[in-house]
Amino acid sequence: MTSVVYLGLVLISVLLTIQSAHVLYLMLYTWDRADAERKARAPDTFVAPRLSFSVLLPARHEEDVIQTTIDRVVRADYPAELLEVFVICSQDDTGTIKKAEEKIAELEREGLHNVEVVVFDDTPVNKPHGLNVALPHTTHKVVTIFDAEDDIHPEIFRLVNTVMLKERVRVVQAGVQLMNFDSNWYSTLNVLEYFFWFKSRLHYHAHYGSIPLGGNTVFFARELLVRLGGWDEHNLTEDADLGLRVSASGERVRVVYDDRYVTKEETPPTLGHFIRQRTRWSQGFMQTLKKGTWKQMPTRKQRWLAFYVLAFPRGQALLGLYLPLSLGMILILKVPVLIALFSYLPVLLLCAHFLVAVVGLYEFTDAHGLEATPATVVKMAVAWFPFQMVLAYAAVRAMRRELLGRHDWEKTQHVGAHRARTEEADSRVA
């Protein structure tokens with residue numbers, strides 16, 4: 001029996017070490033390869049505007065942020081005649097509808113008539129259904145999605161116009177970045193997740209043609225989007241599902257991450273909202289795995305990569321169950337030295353992850369005119385293990401919801417914390 005326990009401990013330690021090493025490789029992908037870093041960059045100069053854009057702004061109970069978002073999109077540095085904006089709301093969301101209509105009336109008094117509200121009164125009441133309702137209203141060549149709290153860069157349309165025309169691609173995923181890195185105990189780690197995901201990991205997925213797209217700041221040729229049938233209305237991660245369908249169709253995706261042009265967002269304001277958001281993402285990956293879109297990939301490499309990403313939440317749930325058990329074994333079991341050395345391998349990789357995250361923190365804050373302090377690093381270290389346990393709990397919660405057949409959309413609250421952080425950085429630069 002003791003030998004079986006030892007063998008199990010060694011196997012789990014080796015598997016966790018391999019997994020951690022691979023994740024570390026993905027975190028450093030664009031830093032480690034000059035060609036990958038070059039492909040990730042935004043163009044140095046922009047071509048004249050030619051493409052027209054239909055902007056979809058799905059919103060639910062976003063009274064606090066929707067007017068600023070509409071204003072930023074409409075006043076982007078792009079010809080107004082080449083932009084049309086659709087704010088998408090459920091009929092019962094009277095507060096957001098009222099705020100959007102107030103902003104539209106204000107813009108119309110200035111002579112801007114390219115924004116309208118699309119209201120739906122059927123189910124399901126969720127983001128993908130709203131997007132599908134609005135899609136037939138669009139008339140321009142390129143369709144893009146921004147979330148209701150997004151702060152877009154004024155030149156984002158010029159950037160995408162240039163990439164699509166010069167590189168002849170029909171899908172572009174631009175960067176999204178959480179900004180309020182010091183709002184609460186988990187926000188720094190949450191911000192860095194986005195930083196490494198968009199700046200590095202997504203480029204790896206795009207390179208191998210198996211990419212779970214982000215939920216906003218993604219641009220599609222309208223014809224392609226219509227041909228693919230829009231979004232899966234019953235999928236909690238409709239963006240990842242659509243990305244894999246795009247990949248399965250053989251379409252090349254260009255990922256652009258340039259610190260100057262990222263869309264700025266905020267971390268969820270409370271732990272409860274963060275857990276619900278992560279539960280939704282984990283459950284959506286489980287749905288997509290079960291749906292089998294990944295099986296339609298043309299190559300074994302693509303299918304394996306898609307399976308690996310979609311199965312990750314289940315692994316995260318198992319890891320959450322294993323970690324307390326492993327701590328107990330450390331305190332209770334006395335094992336041979338060689339076994340103990342094997343069991344410490346994942347710990348060494350976790351230390352490497354943490355050191356890379358600290359470097360990423362300083363790179364992120366330097367790029368955006370923010371300031372990280374040693375106290376921030378200490379807070380990261382203290383929060384590291386609890387953060388992993390929260391992610392594991394969210395994955396377990398997602399598995400439970402999936403087993404119970406619960407697929408309702410758990411809304412994440414937005415309070416505009418990223419805007420306060422951006423304004424502070426701008427004032428510091430000035």
Side-chain angles (χ1 to χ4, degrees), residues 41-59 62 65-88 99-118 131 134 137-166 169 171-177 179 198 214-222 225 254-266 368 414 416 418-419 421-423 425-426 429:
R41 289 199 305 262
D44 294 325
T45 58
F46 299 147
V47 302
R50 281 171 46 198
L51 296 176
S52 56
F53 293 86
S54 297
V55 179
L56 305 183
L57 290 178
E62 300 288 7
V65 295
I66 191 63
Q67 290 193 343
T68 301
T69 304
I70 294 171
D71 194 73
R72 287 178 183 266
V73 173
V74 172
R75 300 186 192 282
D77 183 15
Y78 206 75
E81 64 272 16
L82 296 179
L83 287 178
E84 59 179 8
V85 183
F86 300 92
V87 182
I88 309 164
K99 288 290 187 180
E101 290 177 341
E102 287 175 358
K103 189 63 182 179
I104 291 171
E106 176 188 324
L107 293 170
E108 287 178 344
R109 288 193 292 271
E110 298 180 31
L112 296 170
H113 302 278
N114 56 347
V115 187
E116 66 177 272
V117 179
V118 175
L131 294 173
H137 293 260
T138 62
T139 61
H140 288 182
K141 292 289 186 181
V142 180
V143 175
T144 186
I145 305 98
F146 294 115
D147 287 341
E149 81 280 12
D150 284 352
D151 278 356
I152 70 165
H153 192 278
E155 294 186 308
I156 188 65
F157 298 108
R158 289 184 177 272
L159 186 159
V160 175
N161 172 75
T162 301
V163 170
M164 283 188 157
L165 290 176
K166 293 184 70 174
V169 292
V171 182
V172 175
Q173 171 71 71
V176 181
Q177 183 59 62
M179 295 301 297
F198 282 95
N216 69 74
T217 321
V218 58
F219 299 77
F220 303 92
R222 186 183 186 278
L225 196 53
R254 168 70 150 95
V255 178
V256 180
Y257 187 97
D258 189 310
D259 296 303
R260 295 169 296 173
Y261 301 109
V262 295
T263 293
K264 297 177 180 179
E265 294 187 348
E266 63 183 324
H368 294 285
H414 301 116
H418 58 308
R419 288 172 175 164
R421 171 56 66 195
T422 301
E423 290 167 4
D426 291 343
V429 172

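Put simply, the side chain of D147 never gets that close to the backbone of E149: no donor and acceptor are under 3.5 Å apart. Distance alone, capped at 3.5 Å, places no donor-acceptor pair between the H140 side chain and the V142 backbone. Between the T144 side chain and the T217 main chain, no donor and acceptor come within less than 3.5 Å of each other. Using modelled atom types, one side-chain atom of R222 and one backbone atom of T138 make a donor-acceptor pair closer than 3.5 Å.
Residues in residues 73-88 take part in these side-chain hydrogen bond (donor to acceptor under 3.5 Å, both in side chains) pairs, two or more places apart or across chains: S54-E84, D71-R75, R75-E110, D77-R158, Y78-N161, E84-T139.
Two residues are said to be in side-chain contact when any heavy atoms from C-beta on lie closer than 4.5 Å; V256 and Y261 fail this criterion. Side-chain contact between F198 and V262 is absent, with no heavy-atom pair separated by less than 4.5 Å. The shortest side-chain heavy-atom distance between V74 and N114 falls under the 4.5 Å cut-off. In this structure the side chain of E116 reaches within 4.5 angstrom of the side chain of H137, judged on heavy atoms. Within the 4.5 Å cutoff, the side chain of F53 has heavy atoms near those of the V160 side chain. The closest side-chain heavy-atom distance from F46 to L159 is below 4.5 Å. Contact annotation: the side chain of Q177 approaches that of H368 to within less than 4.5 Å [non-hydrogen atoms, C-beta and beyond].
Here CZ of R41 is found 12.5 Å from CG of D259. Values are rounded to the nearest 0.5 Å. To the nearest 0.5 Å, atoms OG1 (T263) and CD1 (I145) are separated by 11.5 Å. E102 contributes atom CD, which lies 5.5 Å from atom CD of Q67 (distance to the nearest 0.5 angstrom). Atoms CE and CZ, from M164 and F157 in turn, are 11.5 Å apart once rounded to the nearest 0.5 Å. From L57, atom CG reaches atom CG of D150 across 8.0 Å, with rounding to the nearest 0.5 Å. The distance from atom CD of E266 to atom CG of D151, rounded to the nearest 0.5 Å, is 9.5 Å.
Between I66 and A59, the shortest heavy-atom distance links the atoms CD1-CB, 4.1 Å. Considering all non-hydrogen atoms of both residues, D258 and A42 come closest at OD2-CB, 3.5 Å. For L112 against A80, the heavy-atom pair with the smallest separation is CD2-CB, 4.4 Å. Smallest separation of non-hydrogen atoms from V218 and G214: CG1-O, 3.7 Å.
Of the residues I156, I152, V87, V115, the one that meets the side-chain contact (heavy atoms from CB on, under 4.5 Å) test with V73 is I152.
Summarising the local packing, NZ of K99 is surrounded by 12 or fewer heavy atoms from other residues, nucleotides or ligands at distances under 6.0 Å.
With respect to R109 and E106, no salt bridge is recorded, no charged nitrogen being found less than 4.0 Å from a carboxylate O.
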